[in-house]
Student: 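This is the structure I want to talk about, given as structure tokens.
Values in this document were obtained by computation on a predicted structure and should not be read as measured data. Order of listing sets the numbers, starting from 1, for every ligand and every atom in it.
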Amino acid sequence: MSGADVGGGDSGGSTTTGSGGVVKSTIVVKAGETFDGGGKRFIADAGTLGDGSQDEGQLPVFKLESGAKLKNVVLGSPAADGIHTYGDVTLENVVWEDIGEDALTVKGAGTVVIDGGAAKDGDDKVFQINAASTFKVSNFKATNAGKFIRQNGGTTFKVDVIIDRCDISKMKESIFRTDSSTSTVTMTNTRYSQIGKSPFIGLQSPNISTSNNTEY
Ligand code: ADA
Ligand code: CA
Ligand code: CA
């Protein structure tokens, strides 16, 4: 089955209305469900979820269980700890207007597919990967942050990052940084500029595959 389309904000413990709004408790998108935000803007309640600063321990605005899909959502400011994923999830056309502590964290192993959307203005990470995963991001625009993707520091599990048709600019450090000798990156058809140190940090050179990218 294709799963229920729960739409504008009544999935889980949120107090948002059908028009988006201030999220006071994390919106949980359950296995097999699609949450279609309809392009509405959701912001975190700073008191209950977090103020979007660099303080660790903030809560996410959305939690995606394995099999969940999130689409047409705008995360406004503050965005607290963004989106947490647990397993195989899909995001389509999700926009972060002002990245919080980070934009999205992979909390449970699986395949994360991000198609379309954008993120900007983060102090540090855009995407934080804390569990073994295949992480595919395409048609996504990211600007002004520290790192586009960071595998949690000191971890040695395997992450396969696939970046296609993205535009990545103004990253103070890198596009993907890992400390794992088994993690890989494949980047294709992507435009990038103003990457402060190096596009890829910590990867073994055989684990880097690139084609048809343009530095501008
Ligand atoms: C930092 C921190 C980790 C984890 C991570 C995150 O890297 O050291 O423990 O909290 O941020 O998931 O935001
Ligand atoms: Ca962090
Ligand atoms: Ca975080």
Student: Within a reach of under 6.0 Å around NZ of K172, are more than 12 heavy atoms found that belong to other residues, nucleotides or ligands?
Tutor: yes

Student: Checking only N/O/S atoms, does E101 have one that is under 3.0 Å from the Ca ion (ligand 2)?
Tutor: yes

Student: Would you call D179 and R150 a salt bridge, taking side-chain N to carboxylate O under 4.0 Å as the test?
Tutor: yes

Student: Answer yes or no: is there an ion pair linking D124 with K147, defined by an N-O contact shorter than 4.0 Å?
Tutor: yes

Student: Flag yes if more than 12 heavy atoms outside K141 fall under 6.0 Å of its NZ atom; otherwise flag no.
Tutor: no

Student: Classify the contact between R150 and ligand 1 as side chain, backbone, both or neither, using a heavy-atom distance cut-off of under 4.0 Å.
Tutor: neither

Student: Is there a side-chain contact between I208 and V185, using heavy atoms and a 4.5 Å cut-off?
Tutor: yes

Student: May I ask you to list the atoms of ligand 1 that are less than 4.0 angstrom from any heavy atom of N130?
Tutor: 12 (O)

Student: Could you tell me, atom by atom, which parts of ligand 1 come under 4.0 Å of a heavy atom of N152?
Tutor: 3 (C), 7 (O)

Student: Kindly confirm whether the Ca ion (ligand 2) is within less than 3.0 Å of some N/O/S atom in D81?
Tutor: no

Student: Tell me which N, O or S atom from D102 is the closest to the Ca ion (ligand 3).
Tutor: OD2

Student: Is ligand 1 under 4.0 Å from a heavy atom in the side chain of D81, in the backbone, in both, or in neither?
Tutor: neither

Student: Check this for me: does any side-chain nitrogen of one of E97 and R41 sit under 4.0 Å from a carboxylate oxygen of the other?
Tutor: yes

Student: Under 4.0 angstrom from atom 8 (O) of ligand 1, is there any protein heavy atom?
Tutor: no

Student: Tell me which one of Q58, E56, K125 gets a heavy atom nearest to atom 6 (C) of ligand 1.
Tutor: E56

Student: Atoms of ligand 1 less than 4.0 Å from E101 heavy atoms?
Tutor: 13 (O)

Student: Quick check with a 6.0 Å cut-off and a 45 degree axis cone: is K71 positioned over the face of F35's six-membered ring?
Tutor: no

Student: Using only atom types and a distance under 3.5 Å, with no angle test, would you say the side chain of S180 pairs donor to acceptor with the backbone of F157?
Tutor: yes

Student: Show the atoms of ligand 1 that are less than 4.0 angstrom away from any heavy atom in D102.
Tutor: 6 (C), 13 (O)

Student: Could you check whether E92 pairs with K69 (Lys NZ or Arg NE/NH1/NH2 to Asp/Glu carboxylate O, under 4.0 Å)?
Tutor: yes

Student: With respect to the Ca ion (ligand 2), what is the nearest N, O or S atom of E56?
Tutor: OE2

Student: Among protein heavy atoms, which sits nearest to atom 5 (C) of ligand 1, and what does the distance come to when rounded to 0.1 Å?
Tutor: Q128 NE2, 3.5 Å

